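Working notes, structure below.
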Amino acid sequence: MRNIITVLLLVLLVQCCCSNTGATSTTTTSSSVESAQVPAMFVFGDSLIDVGNNNFLNSLAKSNYYPYGCDFRAGPTGRFTNGRTFVDLLGNLLGLPYVPAYADPNTKGTRMLGGVNYASAAAGILDETGQHYGERYSLSQQVLNFESTLNQFRSMMSGTNLTQYLAKSIAVLAFGSNDYINNYLLPSLYTSSYLYTPPAFANLLLNRYTRQILALHSVGLRKFVLAGIGPLGCIPNQRATAAQPERCLDYVNQILGTYNEGLRSLVNQLNTNHPDAIFVYANTYGAFGDMLNNPAPYGFSVIDRGCCGIGRNRGQITCLPYAVPCSNRNQYMFWDAFHPTEAANAILAWRAYNGPPSDSYPINVQQMALI
């Protein structure tokens, strides 16, 4: 485990100033960094790191209402947590401003130069994942959206400058969770669990994922952070379905093993085959596992239910508009049925940025920024 004192100091630095109403602002770590360590951060993923793209889509998967954002200085923005997301906090550590949502009409011109966030709630590696929620930007569509951004960059800078800018920037990708909880584990809506064994499904995901990662590499990105899937069997939504809701669903966690192990192996393969680039595996499963197995040193006292939600484990129905969340949010690992609190996101970001190879393999994000 990481040095606990360091982790606690980090959480104290980034944790939100909560009140019983939750209508408070957060502190920011960006002032602690003298200047940006990379030109930009481009973000691809799902609701774990969506910062408002789904606000502009015809989707049921939205969080642009209170109490989401109750501890974020801008209020409810479409972030699926009480405060900042993992990428908000990682960006703070890199000295970057908040990266704007691609779908926001204001995301244009110089506002894009610090990066763009393409992540979309309910999105998956597979195009069909999450379709029961309505519109979302799947992985393949997010890659196309990035290429649209590139067309705008080409009118803003020379070819040489653009090449250098992209090569120094960091791409963060966090996919796969929805391909399980909003596809494979919903046999009433999706056929994937009938067609594929868990290892075969993981291989399908990794093959599709690789194709899109290489597409991003082919247009100039050179620094990639690929986040693994956390222990989905331990989120409130999944615990709520268990006979013993205080326990994680071991089956769900076990079927993720092939995917996470395969993603780590893919990082080795990509680094071997593309020496002009660096690919990093962020061990989300391991970091979350540490917090679940030994929560007290991280400041958590509640790990099995959401801070906001209805039903067993506050996970059967996720956080509804104007619901009253828990007041002690920094002691909760989970904000709602599916997503971490800002306090948990802070630890995940710190470990990706500054962790040993067991957290961030083969190097961490801080080391990547220096390349």
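Keep in mind that what you see is a predicted model, and the values were worked out from it rather than measured. Only this structure's heavy atoms are used, side chains among them; waters, hydrogens and symmetry mates stay out.
- Defined by atom type and a distance below 3.5 Å, a donor-acceptor pair is present between the side-chain atoms of Arg79 and Thr77.
- The shortest heavy-atom contact between Ser177 and Leu48 is OG-CD1, 4.1 Å.
- Counting only N and O atoms by type, the side chains of Ser158 and Asn161 include a donor and acceptor under 3.5 Å apart.
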key: Verdict with supporting geometry, Phe146 and Phe42, ring pair (Phe, Tyr, Trp, His ring centres under 6.0 Å)   = CA-CA 8 Å; Phe146 174 72; Phe42 296 100; 5.2 Å; yes
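- Checked against ring pair (Phe, Tyr, Trp, His ring centres under 6.0 Å), Phe153 has the following partners two or more places apart in sequence or in another chain: Tyr165.
- Counted by atom type alone, Ser192 and Asn183 present one or more donor-acceptor pairs between their side chains at under 3.5 Å.
- Between Cys234 and Cys248 the SG-SG gap is short of 2.5 angstrom.
- Side-chain polar atoms of His217 and Asp276 form a donor-acceptor pair below 3.5 angstrom.
- Side-chain N or O atoms of Asp359 include none that pairs as donor or acceptor with a backbone N or O of Ala352 at under 3.5 Å.
- For Arg111, the CZ atom counts as densely surrounded, since its 6.0 Å shell holds more than 12 non-hydrogen atoms of other residues, nucleotides or ligands.
- Using cut-offs of 30° and 60° for the angle between ring planes, the Trp350 and Tyr353 rings count as tilted.
- With no hydrogens or angles considered, a side-chain donor-acceptor pair links Ser140 and Asp127 at under 3.5 Å.
- Side-chain contact check for Asp104 and Thr107: no donor-acceptor pair (N or O, by modelled atom type) lies under 3.5 Å.
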message = Working note: Phe334 + Phe288, criterion ring pair (Phe, Tyr, Trp, His ring centres under 6.0 Å); need CA distance, chi angles, decisive distance, verdict.
response = CA-CA 11 Å; Phe334 294 100; Phe288 242 104; 5.8 Å; yes
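- When side chains are defined from C-beta on, Pro357 does not count as touching Tyr281, because their heavy atoms never get closer than 4.5 Å.
- Remark: Arg84 is not positioned above the aromatic ring of Tyr98, lacking an NZ or CZ atom under 6.0 angstrom from the ring centre and at most 45 degrees off the axis.
- In this structure the side chain of Ile255 reaches within 4.5 angstrom of the side chain of Leu185, judged on heavy atoms.
- Looking at Tyr137 and Asn54, their side chains never bring a donor and an acceptor atom within 3.5 Å of each other.
- Contact of the Ile229 side chain with the Thr284 side chain is not registered, since no non-hydrogen atoms from C-beta on lie closer than 4.5 Å.
- Arg264 and Tyr259 form no side-chain donor-acceptor contact under 3.5 Å, judged by distance and modelled atom types alone.
- A heavy-atom distance below 4.5 Å is found between the side chains of Arg136 and Ser120.
- No side-chain heavy atom of Thr341 sits under 4.5 Å from any side-chain heavy atom of Gln331.
- Ring-centre distance between Tyr180 and Phe201: below the 6.0 Å cut-off.
- Under the 4.0 Å criterion applied to side-chain N and carboxylate O atoms, Asp290 and Arg351 are assigned as salt-bridge partners.
- Between Pro100 and Gly115 the shortest heavy-atom distance is CD-O, 3.3 Å.
- The two residues Val51 and Val99 make their nearest non-hydrogen contact at CG2-O, 3.7 Å.
- Between Tyr68 and Phe80, the ring planes lie perpendicular to each other; the angle is over 60°, past the 30° to 60° tilted range.
- Partner of Asn145 under the side-chain hydrogen bond (donor to acceptor under 3.5 Å, both in side chains) criterion, out of Gln142, Glu147, Gln141: Gln141 alone.
- What you find for Pro231 and Leu292 is that their closest heavy atoms are CG-CD1, 3.7 Å.
- Checking side-chain atoms of Asn364 against main-chain N and O of Ser360 turns up no donor-acceptor pair under 3.5 Å.
- Taking both residues in full, the closest heavy atoms of Ala369 and Val38 are given as CB-CG1, 3.7 Å, listed atom of the first, atom of the second, then distance.
- Between Leu263 and Tyr209, the closest side-chain pair of non-hydrogen atoms falls below 4.5 Å.
- At a threshold of 4.5 Å between non-hydrogen side-chain atoms, the residues Asn268 and Tyr361 count as touching.
- Side-chain N/O atoms of Asn182 and Thr129 include no donor and acceptor closer than 3.5 Å.
- With sequence neighbours left out, Phe338 forms a ring pair (Phe, Tyr, Trp, His ring centres under 6.0 Å) with no residue at all.
- Side-chain contact between Thr81 and Asn345: present, with at least one pair of heavy atoms (C-beta onward) separated by less than 4.5 Å.
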